[in-house]
Amino acid sequence: RKEVEQDPGPFNVPEGATVAFNCTYSNSASQSFFWYRQDCRKEPKLLMSVYSSGNEDGRFTAQLNRASQYISLLIRDSKLSDSATYLCAASNTGGFKTIFGAGTRLFVKA
Amino acid sequence: ETGVTQSPTHLIKTRGQQVTLRCSSQSGHNTVSWYQQALGQGPQFIFQYYREEENGRGNFPPRFSGLQFPNYSSELNVNALELDDSALYLCASSSRIDRTDTQYFGPGTRLTVL
């Protein structure tokens with residue numbers, strides 16, 4: 001079993017839709033969690049850090065459920081520019097090792 | 001932009017050769033992590049350097065080695081290249097000073113092994 005697992009998708013949604021991604025992690029010692037966005041052939045860019053139960057940044061909301069060991073990302077009012085691969089990551093205490101999921105592809109269509 | 005730079009941008013090598021990739025961390029960051037990302041996969045953790053010492057390693061063979069310099073820049077060395085080493089190599093810098101482990105990635109080096 002992979003340490004961090006994501007549904008690879010692709011998710012195909014119309015503009016304006018709300019879409020949710022889930023990510024599960026197996027290492028209960030994981031302390032910090034992240035969502036990154038990666039465009040084709042580019043580096044991952046930090047979208048959100050999730051240190052407690054969750055946080056919100058504009059159209060994006062991330063939630064953490066430690067009991068069930070999953071992280072979610074909700075995107076509201078999807079834009080064409082949201083089309084990308086979304087990576088979730090979990091790191092242990094002190095960030096000695098950060099493990100990434102394989103990513104979820106999102107296509108937002110007009 | 002994150003301020004993390006990598007060189008070279010692209011590289012083509014043949015099987016059995018050796019390669020050195022370079023990374024300059026973001027100003028104020030003292031930790032550098034290296035990742036390998038194959039096509040269609042997430043980044044795979046290779047190792048992390050903090051205070052010029054390896055501080056955590058993923059499931060990669062010893063022919064993957066690295067260095068960190070006093071200015072916190074870092075090198076990734078790969079010996080005896082194999083075809084499967086073809087990938088995007090990413091470095092990410094972070095700061096232990098403020099106890100966060102948020103990592104910021106450089107643009108990557110795309111390595112092709114023929």
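The chains referred to below are lettered A, B, ... by the order of the sequence lines, with proteins before strands, and numbering in each begins at 1.
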Legend entry - A/Glu43-B/Gln6 side chain donor-acceptor pair, cut-off 3.5 Å: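 No donor-acceptor contact under 3.5 Å links the two side chains.
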Please answer: with hydrophobic residues joined when any side-chain heavy atoms are less than 4.5 Å apart, are [X] and [Y] in the same cluster?
X: B/Tyr89; Y: B/Tyr49; value: yes
X: A/Leu46; Y: A/Phe33; value: no
X: A/Leu64; Y: A/Leu74; value: no
X: A/Val108; Y: A/Phe60; value: yes

Inset, instruction - Measure A/Gln6 against the heavy atoms of chain B and call it side chain, backbone, both or neither at under 4.5 Å. - result: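 Neither part, no heavy atoms under 4.5 Å.
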Legend entry - Which portion of A/Arg41 sits near chain B, non-hydrogen atoms under 4.5 angstrom: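 For A/Arg41, the contact with chain B is made by backbone and side chain together.
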Flag if over 12 foreign heavy atoms under 6.0 Å of [atom1], [X]:
X: A/Arg76; atom1: CZ; result: yes
X: A/Glu5; atom1: CD; result: yes
X: B/Asn59; atom1: CG; result: no
X: B/Arg51; atom1: CZ; result: no
X: A/Phe11; atom1: CZ; result: yes

Inset, instruction - May I ask you to test the A/Thr98-B/Ser33 pair for a side-chain heavy-atom distance under 4.5 Å? - result: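 Side-chain contact under 4.5 Å: no.
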Inset, instruction - Report the distance from atom CD of B/Gln37 to atom CZ of A/Phe100, rounding to the nearest 0.5 Å. - result: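 Taking CD in B/Gln37 and CZ in A/Phe100, the distance rounds to 8.5 Å.
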For residues 104-114 of chain B, dump all side-chain donor-acceptor pairs below 3.5 Å to protein atoms at least two apart in sequence or in another chain.
{"from": "B/Thr109", "atom 1": "OG1", "to": "B/Pro8", "atom 2": "O", "distance (Å)": "2.5"}

Inset, instruction - Kindly give the heavy-atom pair with the smallest separation between B/Gly42 and A/Leu87, and that separation in Å. - result: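 Nearest pair, atom of B/Gly42 first, then A/Leu87: CA-CD2, 4.2 Å.
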Inset, instruction - Find the one option among A/Ala102, A/Gly101, A/Pro8, A/Ser32 whose heavy-atom pairs under 4.5 Å with chain B are most numerous. - result: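 Heavy-atom pairs under 4.5 Å are most numerous for A/Ala102.
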Inset, instruction - Counting only heavy atoms closer than 4.5 Å, note whether B/Phe47 contacts chain A via side chain, backbone, both or neither. - result: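 For B/Phe47, neither part sits under 4.5 Å from chain A.
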Inset, instruction - Using heavy atoms and a sub-4.5 Å threshold, report which of residues 77-86 of chain A line up against chain B, by residue number. - result: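 Residues in range: none.
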